[in-house]
Structure formats: C-alpha cells, structure tokens
Amino acid sequence: MTPPTRHVRISSPEPVDRSDGHPALQASVTNVPVTPAAHTAGKSAYIDPNEEAQSTHLPFDPDKVTPGPSWNPNSYFEPRADDRASSPTEAAAGARSGEELLRRLSLIPDPTFRHDLADVDPRAAHPGLNLSGRIISATFVVPYNLGYAPGNDWELNGRQGTSALFDSFSYLASAASPWNHTLVGWTGEVKEIVGARPTSSASFSSASHQALANKAAAPIPVDSKAAPEPPPQAEGIRVGRSDRERLERQLERDHGGRIVPVWLYDEKDDERDEVVLKDQSRWRQYAEHELYTLFHYKQNEPADGRAARKAWADYYRLNKMFADRILDEYKPGDIIIVHDFYLLLLPSLLRQRLPNVYIGFFLHVPFPSSEFYRCLSRRKEILEGVLGANMVGFQSYSYSRHFSSCCTRILGFDSSSAGVDAYGAHVAVDVFPIGINAASTQRTAYGDPLIEEKIKGIRELYAGKKIIVGRDRLDSVRGVAQKLQAFEMFLERYPQWHEKVVLIQVTSPSSVQSHRGADDDSKVVNKISDLVARINGNYGSLSFTPVQHFPQYLSKEEYFALLRVADVGLITSVRDGMNTTSLEYVICQKESHGPLILSEFSGTAGSLGGAIHINPWDLGGVADAINEALVMPAGQRQEQFDKLYKHVIANNVQAWTNNFLKRLMTNLSSFDQSFATPALDRAKLLYQYRQAKKRLFMFDYDGTLTPIVKDPGAAIPSDRVIRTLKTLAADPANSVWIISGRDQRFLDDWMGHISELGLSAEHGSFMRHPRSEEWENLTEKTDMSWQSEVLDTFQQYTDRTQGSFIERKKIALTWHYRRADPEYGAFQARECQKHLERTVAKKYDVEVMTGKANLEVRPRFVNKGEIAKRLVNDYGDGPGEPPEFVLCLGDDFTDEDMFRSLRQSKLPQDHVYSVTVGASSKQTLASWHLVEPSDVISVISLLNGSADASNAGAVAVIEGSVPESRT
Ligand SMILES: O=P(O)(O)OC[C@H]1O[C@H](O[C@H]2O[C@H](CO)[C@@H](O)[C@H](O)[C@H]2O)[C@H](O)[C@@H](O)[C@@H]1O
C-alpha cells in the first residue's frame with residue numbers, strides 16, 4: 001500500500017503546499033510530500049531578534065583507499081570528479097536524483113491512497129533504503145583560514161580543530177562515498193594580507209587598496225598558528241564581487257567536494273558590489289559566550305542585557321544568512337545536514353521556507369540537563385530552532401535524554417527516548433558517537449621517518465622512565481588542573497614511582513576562539529602553571545622534572561611521536577562532546593598497547609569500554625588508576641587494547657557518516673509515512689458537508705476546542721470558539737454536541753447559553769439535549785462506593801507528588817499532575833494506575849484512564865463511544881436512518897472510544913470524518929488529523945462559510961471542479 005501525504009499549514013514566502021490536502025491542487029503545487037517536522041509554520045516571529053530585546057556501513061576497507069587531494073590536511077579521500085562543477089544539465093540531474101530518491105523511499109504520494117490502519121505495513125512500504133543523492137552540509141566555518149589581498153588568489157591554510165567533522169566532509173566528497181556533497185560554511189575571520197600586490201588583471205574593490213594596484217602579485221602566506229587577531233579596522237575589509245567569486249572558484253578548484261562560502265558582513269555597498277567586514281568576531285559571540293559555556297556546565301556572570309540582545313541578533317542573522325545561502329544551492333530531494341551549536345536555529349529557518357525539506361542536525365558538543373539548560377534566556381527559541389529538523393543526533397545517550405527532557409519541560413512536548421512530538425510531527429532523536437579517520441591516522445602515525453626520529457629522541461630523553469601523555473585544549477572543561485592535582489596525589493601515594501614516571505602535558509589553544517573572556521583563559525593558564533611549578537618543586541630534582549608542560553600546538557610529527565611513545569594516555573575532561581585524542585591514542589598504541597585512562601564525563605567514554613574510566617573530581621581515584629595502568633599485566637593490556645582498537649577502527653568517521661544518513665532516511669520513512677495519519681482533507685470535507693442534509697457533529701472540549709493549559713479552570717472558550725459553535729449549531733440541518741470529561745457545571749457555565757448545543761458531561765455520565773435545560777443522569781442507579789477508595793488512593797499520591805491535585809466531579813474523579821515534575825508525575829501516575837487496577841478496578845466495574853497529565857476513574861459502562869453510538873442512531877433523517885455527514889473531533893485517549901464506535905458503525909465511511917487533534921505520528925483510530933485547536937476552529941469556520949487563509953485552497957477546489965473519484 002502507498003503511504004499518505006502529509007499536509008502542513010506554513011506561512012512562508014516560498015512556494016508551499018496550499019492544496020489543503022486536495023490531490024487536484026497538490027499535483028500542481030509540489031511533487032514531494034511534507035516531512036515530519038514541517039511545522040514551524042508562521043513561527044518566524046518567535047526567533048526574530050528585533051521583536052524583543054538559535055547501519056548501513058557501506059563497504060569500506062581503509063587500506064584500499066588511495067590518498068588523494070582534499071581540503072582536510074589529514075584526509076585521504078579522493079574527491080569526486082563530478083563535485084567540481086555544476087552545469088545546468090547537472091542541476092537537472094540533481095533534481096532528478098532527488099525525485100528518484102523519494103521514489104526509492106516510497107515518499108512520493110499516491111493520490112489514490114486510502115488511509116486504513118489495518119493495511120499499514122512499513123516493511124512492505126520500504127523494503128530497503130538506497131542511500132545516494134545530494135547532500136548539503138552546513139557547518140560554522142569552512143575548513144580553511146583565509147588570507148585576503150584584493151585582486152590576488154586567496155591564501156588557504158588548513159584550519160586546526162574539529163578534524164573528525166572535516167574528515168566526514170572529505171569522505172562525503174570523495175569517490176568512496178555514493179553521495180554528491182556540497183559544504184556550506186562561513187569564511188571565518190578573513191585576514192587582510194598587508195603589502196600583497198594584486199595581479200594586473202584584477203579589479204580593485206576599495207580606495208584603500210588602490211595604492212597596491214600596480215605592483216606584482218605575491219600572495220603572502222597566512223600563519224594560522226600564531227597571529228593574535230588584529231583589532232577590527234574602523235573602515236573594515238572590503239571584498240568585491242570578483243574577489244568573492246575568485247574564492248568560490250578556488251575552493252571549488254583546489255579541493256575535494258564543493259565548498260560554498262557564506263559571507264557574513266557588517267555592511268553591503270551595493271553601488272560597488274562590495275561586502276564590508278568589520279567586527280568579524282561578533283558572529284562567534286552568542287554561540288561561544290552563551291551556548292558553549294552553558295552546554296559545558298559553566299555560567300557567565302549576569303551581564304549587560306543590551307550586549308546579550310545584540311549577540312542574539314547576530315546569532316539569528318548568522319543563521320538566517322546560512323539559510324539564504326543554502327536556499328541558493330537547494331534542489332528538491334536534497335538532504336541537509338546541519339552541524340553544531342553555531343547553527344541551532346537553522347533547521348527551523350529552513351523549514352519555514354522549504355516545508356518538505358529533509359534535515360538532520362548533529363550536536364558535536366554536550367547537551368546539558370534541563371536544570372542547567374533552563375538558565376538560558378533564549379531556551380525556547382533554541383529548542384524550537386533545532387526542532388525544525390527531522391532527526392537530531394547527539395554524541396551520547398545522556399545528551400539525547402537531556403534534550404528530549406528539555407523539550408518536554410520547557411516546550412511541553414511529548415517525548416520518549418525515540419524522539420519528540422513537536423508541532424504535529426515526530427522529530428527523531430538518536431545517538432551517534434563520532435569517530436576519527438582511523439586509516440588516515442594510522443598511515444600518518446606509522447608512515448613517516450620523521451616520526452620515528454622523534455620517537456627515538458623522546459625515548460633517549462626519558463630513558464628508563466614511564467611516560468604518561470596528555471593533550472588537551474586550553475579550556476577549564478578539559479580538566480588539566482584536575483589531571484595535575486591527581487598526578488600530584490599519585491606521586492604522594494606511590495613514592496616507588498618517584499623519578500620513574502614523567503607526565504608530558506601538551507595544552508594547545510582552544511578551538512572556541514573568542515568571548516569566553518580572556519580572564520577565563522588566563523585563569524586556567526595561571527592555575528596550570530602554579531600546579532606544574534608546585535609538583536616539579538616538590539617531586540623534581542636537579543636532574544629530573546616530573547611534569548613537562550608544553551602550552552603550544554605540536555607539529556603533527558611531534559604529536560604522533562608522543563602518542564606512540566606513551567605508556568599511558570590520560571584524559572580527565574570534566575565535560576566534552578567527544579575526545580579525539582583518546583581515539584588517536586588508541587591507533588598510535590597499535591604496537592605497545594598502552595592503557596587509556598578516560599574521564600567518564602567525556603562523550604567518548606560510553607563507547608570506549610576498554611578504557612579505565614575515572615571521575616576526574618575524585619583525585620585519589622585517578623591517582624590509583626594511574627598506578628593500575630602502570631602495573632597492568634601484559635595480558636590484560638592486550639585484552640583491553642584489542643577492545644579499544646576494534647571499536648576505533650569499526651566506528652570510524654566514514655561509518656559514522658553512513659550510519660547518520662541511514663538512520664535519518666529510516667526515520668524519515670518510518671515516522672513520516674508508515675504510521676502517519678493524513679491531514680484532514682478540507683476540500684473533501686466541505687464537499688461532503690454541502691451535499692448532506694442531516695449532519696452530526698461531536699466535539700471533545702479540552703485540547704480540541706481549547707488548547708491545553710496548566711490550570712483546568714483557565715481553559716475557557718474564547719469568543720471566537722463560542723461564535724463559531726453558535727453559527728454551526730444555528731443551522732437546522734446540524735446537530736452539534738460537546739462530548740467532554742468536564743462536569744455539568746463547567747459546560748453549563750461556558751456553553752450552556754447556546755441552547756442549540758447538545759452537552760455530554762463526565763465522559764458520557766450526563767446528557768443535556770439541544771433546546772433543553774434538563775440534564776439526564778445515565779449513572780443514576782450505579783453503585784458509587786468505589787469513589788471513596790479512589791479518593792483515598794489519589795490523596796496518597798497527591799501527598800507524595802508536589803504540584804498534583806484532585807478534581808472532584810459528580811461521578812468521575814481526576815488526579816492531575818500537570819504542575820508536578822513531568823517525569824516524576826508520569827511515573828507516579830503509572831504507579832497509581834497500577835495500584836488502582838489491582839484494587840478498585842477488580843472490585844467494581846470502573847475504568848482507570850490515562851489522560852493528558854491526568855488519571856481518571858469512571859464507571860466502565862459510560863464512555864464517549866457509547867454516547868457517539870447513541871447520537872448516530874438518534875440523528876438520522878428518519879427513524880433508523882443514519883446522518884449523512886458526521887464530523888467527530890478529539891485529542892486524547894478517551895476520544896478514541898468515539899472513533900472506534902464510528903469505525904464499527906454501519907455508516908458509509910466516506911461520509912464520516914473522525915479527526916484526532918495532534919501529531920500525525922500519533923497512534924489513533926481516527927482517519928485524519930489536525931495539528932492544534934486553532935485548526936479545529938478554522939475548519940468549523942470553513943463549514944460556516946467564512947473561510948480564512950488556510951481554507952482558501954479547499955474553497956477554490958470546491959467552487960471549481962472536484963474529481964469524481966473524490967466525491
Ligand atoms: O474530554 P475533555 O473535554 O478533553 O476533558 C478531559 C479533561 O480535561 C481537563 O483536564 C485537561 O485539561 C486541562 C486544561 O487544559 C489541563 O490543565 C489538564 O492537565 C488536562 O488533563 C479537565 O480538568 C478534566 O476534568 C477532563 O476530564
């Protein structure tokens with residue numbers, strides 16, 4: 001069977017599906033379906049900074065890949081020939097391949113589809129995934145530091161850090177990968193090369209550059225390692241179109257894959273067609289100062305609100321400019337993968353403009369627990385930004401768990417370990433610990449005579465001594481201070497190792513360059529220097545220094561020599577996403593099998609079971625682990641090493657890349673289609689409504705006509721709801737009923753004045769017929785002695801669950817936990833339900849029901865399904881005649897009884913509209929879905945004849961022609 005199409009109402013300046021689900025319109029609007037997270041419709045304002053104030057392991061053999069030119073200095077992947085150009089023919093081929101991709105995944109909608117739960121078999125629909133096509137990766141910066149001299153070729157020097165990610169891009173761009181890859185990234189801080197001379201043919205972009213004009217070209221290399229940032233020039237660096245285009249050609253010409261630079265500029269001189277770069281570091285400010293800090297469990301001092309507002313505006317603008325650039329590149333069917341904390345708003349910004357796009361997001365750094373995350377002032381906007389993706393990936397399970405929990409606690413969305421239900425769609429959440437390019441590391445570490453020479457030198461220098469190696473970035477979260485303190489304790493506890501062990505610690509500049517504050521860095525430096533001096537003073541001698549500290553970058557040769565010569569690798573980070581050094585250490589220990597001591601707070605710890613795990617805050621424990629590593633018997637070293645090595649080889653960056661893509665595609669196909677409930681076809685509904693002479697409406701109240709709110713007493717109907725219901729009920733052909741769990745008093749108070757309305761209270765315990773003021777009690781003769789037992793149990797759980805309370809109605813009793821901690825509340829509700837089912841429900845004929853953050857008990861024989869059955873029988877054209885049109889809407893578990901009863905009725909099913917309110921991924925017996933209560937009101941308005949923007953498509957279809965097959 002063919003899966004359904006999904007429809008999402010999105011207000012967007014780009015072409016969107018405005019068919020309202022009608023196939024006649026759909027065909028002409030778009031040929032691709034709406035994907036799960038197509039939901040941030042009309043939400044652009046929420047992240048507008050100006051408003052207030054972001055496995056299929058494809059066959060791979062590392063030893064068989066030939067080294068080839070590529071932009072990652074470590075990469076050995078051969079670039080694809082076809083990545084270098086993009087002619088119109090190629091563009092057309094790209095579009096075709098996008099469409100083919102959808103077809104292979106069975107994602108192209110079939111207009112003849114009939115939704116029927118019983119027929120859904122995801123395996124039949126998606127027999128296999130064939131992974132190939134076009135990928136656009138968005139990453140903060142391109143893999144180069146750029147040196148600029150107007151009119152000259154740009155200087156491109158490999159950028160330090162994030163090597164695993166750059167390796168993943170190299171792989172995607174290489175001939176070894178089946179994908180066609182484009183990388184989109186900021187240029188990074190462009191450094192102007194003073195004294196460079198342009199080529200005579202070059203055109204110049206600013207008056208300040210004219211002086212250089214007639215001299216011979218001689219690009220001056222940029223030293224990426226040294227170079228303190230020059231202060232921003234007041235007039236800025238001006239980059240003209242010809243130079244911008246030259247960079248794009250260079251990036252495309254010189255390197256594997258396509259790299260498309262994003263120009264983040266302070267001003268644009270349209271007359272000269274120049275971008276002006278002034279304060280280039282501003283683009284890092286919000287991400288590095290706010291997000292990086294908080295995600296690593298550090299807190300900034302409260303600061304000037306205006307500065308924070310400006311930083312946020314820059315962050316939004318950065319993400320927006322990425323979205324614009326990606327839109328220039330995008331072709332239908334492309335997959336977009338967004339990387340890391342600089343681009344957290346990008347998924348939603350893209351989704352607003354490309355409702356059908358496939359987006360995967362991967363966070364390379366840790367994600368904090370909700371207790372910490374909620375300190376972020378823009379906590380909602382950031383989560384909403386990421387939830388524009390179809391799948392969100394994390395380095396470790398705990399980070400994914402924190403994310404889902406934040407979505408529940410902060411945004412109120414339902415979540416599970418599999419993902420988050422947001423805006424009527426399912427966003428998958430998954431775990432992908434990234435790997436390194438193991439083959440390339442191995443080749444580099446073992447294939448260079450210079451490294452052998454360095455190894456010899458180090459061995460001679462430390463002859464007869466054990467070497468412990470540490471290499472970390474200069475950042476307090478790397479735990480270098482803890483490492484030194486633990487080493488000191490080790491020397492104190494194990495005097496037998498005096499003068500026999502040396503710790504070589506290399507501390508290189510942080511990859512997060514700016515804005516954590518110079519103070520922070522200098523504090524870390526001072527602390528490290530003090531500790532080194534103290535240890536060397538206490539335990540060193542004239543001929544021996546126990547800690548060798550190198551606060552600098554090492555050359556590649558020195559680095560690999562150190563990792564190979566080490567007896568123990570020591571990593572004590574207090575928090576990191578993943579730790580490349582630990583993985584590289586494993587590769588470098590292929591011959592000597594040195595143990596690895598690894599902090600349990602590193603994202604890598606969960607994957608490296610063969611390491612000795614330590615808590616860096618437990619200095620004594622780390623000291624003991626150092627001793628344990630040094631005295632470990634050869635057999636055990638070998639055994640642990642084998643585990644580590646096997647893992648690092650198998651879970652390399654290529655496998656990571658393929659696995660991420662495979663899971664993205666699998667999630668897209670399963671969540672998007674197999675179990676999806678289609679969006680209500682408004683055109684069809686309107687058509688059937690107009691045809692029918694006798695119509696029945698059954699509306700649930702909470703969550704259907706009004707949004708769910710924290711306080712039940714506050715969920716009152718708006719004027720619009722009242723007016724809309726009144727108009728609908730005024731039509732003599734319509735019988736309109738509210739079928740609710742609410743009690744009579746609530747329904748009387750808020751809707752009792754609409755005399756044409758029928759009301760059913762407490763899940764069917766009471767009924768008030770239209771134009772009557774009398775309530776019929778359907779439970780009159782029922783034994784109510786169960787109530788006191790239920791009340792006792794509810795009271796016990798209320799006492800134990802802060803924020804919970806009991807709602808007493810005449811018959812039904814409800815225990816609410818919406819104001820309690822969501823996880824604890826849900827846990828207590830499960831416990832309470834089990835208890836009641838074992839006790840009261842065994843003695844009496846009552847049902848214990850789970851609602852939205854509540855638990856309810858009522859007599860089993862009254863339920864909404866029974867009421868629905870009764871009303872269908874009562875409201876036909878004549879005795880025994882069914883109504884010609886039924887619309888039934890509800891949002892929670894108790895409403896499924898109505899949907900079931902309609903399915904079981906003898907009514908012609910195409911005249912029955914059972915509609916659940918919520919995500920299309922929700923398990924339901926309804927045949928259609930609407931996302932939220934405002935959609936329900938909009939649909940009723942459509943039937944009342946006052947169409948709003950989201951109904952325009954349906955009206956157009958009905959007032960034009962409707963294909964016979966649909967009527
Ligand atoms: O059948 P319904 O009309 O959907 O009523 C079901 C229950 O709704 C109310 O509780 C729910 O809505 C509240 C207001 O949004 C919310 O605070 C609460 O968490 C929800 O469970 C009502 O209080 C119950 O009596 C109804 O049975």
Side-chain angles (χ1 to χ4, degrees), residues 408-409 412-414 697-718 721 725 736-752 757-768 779 787 790-791 794 797-798 801 803-822 824-826 828-829 832-833 846-859 862-868 888-899 901 915-918 922 924 926 930 932-934 936-937:
T408 300
R409 285 159 190 273
F413 291 146
D414 285 344
F697 296 84
M698 293 178 278
F699 300 122
D700 164 57
Y701 181 73
D702 286 285
T704 298
L705 292 173
T706 54
I708 293 290
V709 292
K710 278 205 164 148
D711 174 9
I716 56 174
S718 66
V721 170
L725 287 174
V736 184
W737 279 78
I738 308 296
I739 302 178
S740 172
R742 294 282 184 164
D743 61 16
Q744 300 162 51
R745 201 165 78 188
F746 182 92
L747 298 181
D748 260 341
D749 282 354
W750 295 105
M751 281 163 289
L757 272 189
L759 302 175
S760 162
E762 300 199 32
H763 304 286
S765 302
F766 302 93
M767 286 174 92
R768 193 201 82 171
T779 57
Q787 281 188 328
V790 171
L791 273 177
F794 277 175
Y797 279 85
T798 307
T801 316
S804 67
F805 62 92
I806 302 168
E807 183 187 353
R808 282 198 73 159
K809 295 180 268 193
K810 271 198 184 147
I811 307 293
L813 298 174
T814 311
W815 181 67
H816 288 273
Y817 60 91
R818 183 166 300 280
R819 284 171 173 280
D821 176 282
Y824 185 63
Q828 288 289 70
C832 182
Q833 185 182 7
V846 293
E847 190 169 356
V848 186
M849 305 174 299
T850 51
K852 290 196 161 167
N854 77 29
L855 207 56
E856 295 206 54
V857 186
R858 54 139 175 80
V862 286
N863 65 60
K864 290 184 178 185
E866 288 303 316
I867 300 294
C888 175
L889 281 132
D891 70 312
D892 74 14
F893 184 71
T894 62
D895 304 313
E896 294 294 320
D897 288 337
M898 295 197 279
F899 304 147
S901 128
V915 186
T916 190
V917 181
K922 185 162 119 181
T924 179
L930 286 170
E932 54 196 12
S934 62
V936 174
I937 303 307

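All ligand and atom numbering here is 1-based and tracks the order in the structure. Values below: all heavy atoms of this structure, side chains included; hydrogens, waters and symmetry mates excluded. Please read all numbers here as calculations on a predicted model, not as lab measurements.
Remark: Lys864 engages Asp700 in a salt bridge, criterion side-chain N to carboxylate O under 4.0 Å. A salt bridge links Arg409 with Asp821: at least one charged nitrogen is closer than 4.0 Å to a carboxylate oxygen. Under the 4.0 Å criterion applied to side-chain N and carboxylate O atoms, Asp743 and Lys810 are not assigned as salt-bridge partners.
The main-chain N or O of Ala812 is found under 3.5 Å from a side-chain atom of Glu762 such that the two form a donor-acceptor pair.
Checked against a 6.0 Å centroid threshold, the rings of Tyr817 and Tyr797 do not count as neighbours.
Listed by chain and residue number, Lys809 satisfy the salt bridge (Lys or Arg N to Asp or Glu O under 4.0 Å) test with Glu856 (two or more places apart in sequence, or in another chain).
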Any protein N/O atoms within less than 3.5 Å of an N/O atom in ligand 1? List the atom names and distances, or say none.
from     : atom 1 : to     : atom 2 : distance (Å)
ligand 1 : 1 (O)  : Asp700 : OD1    : 2.8
ligand 1 : 1 (O)  : Gly741 : N      : 2.8
ligand 1 : 1 (O)  : Lys864 : NZ     : 2.7
ligand 1 : 3 (O)  : Asp700 : OD1    : 3.0
ligand 1 : 3 (O)  : Tyr701 : N      : 3.3
ligand 1 : 3 (O)  : Asp702 : N      : 3.1
ligand 1 : 3 (O)  : Ser740 : OG     : 2.7
ligand 1 : 4 (O)  : Asp700 : OD1    : 2.7
ligand 1 : 4 (O)  : Asp700 : OD2    : 3.2
ligand 1 : 4 (O)  : Asp702 : N      : 3.4
ligand 1 : 4 (O)  : Asp702 : O      : 3.1
ligand 1 : 5 (O)  : Asp702 : OD2    : 3.3
ligand 1 : 8 (O)  : Asp702 : OD2    : 3.0
ligand 1 : 15 (O) : Val709 : N      : 2.8
ligand 1 : 15 (O) : Val709 : O      : 3.3
ligand 1 : 17 (O) : Val709 : O      : 2.5
ligand 1 : 17 (O) : Lys710 : O      : 3.3
ligand 1 : 19 (O) : Arg818 : NE     : 2.5
ligand 1 : 19 (O) : Arg818 : NH2    : 3.4
ligand 1 : 19 (O) : Lys852 : O      : 3.3
ligand 1 : 21 (O) : Lys852 : O      : 2.6
ligand 1 : 21 (O) : Asn854 : ND2    : 2.8
ligand 1 : 23 (O) : Glu807 : OE1    : 2.7
ligand 1 : 23 (O) : His816 : NE2    : 3.4
ligand 1 : 25 (O) : Glu807 : OE1    : 2.8
ligand 1 : 25 (O) : Glu807 : OE2    : 3.1
ligand 1 : 25 (O) : Lys809 : NZ     : 2.7
ligand 1 : 27 (O) : Lys809 : NZ     : 3.0
ligand 1 : 27 (O) : Glu856 : OE1    : 3.3
ligand 1 : 27 (O) : Glu856 : OE2    : 2.5

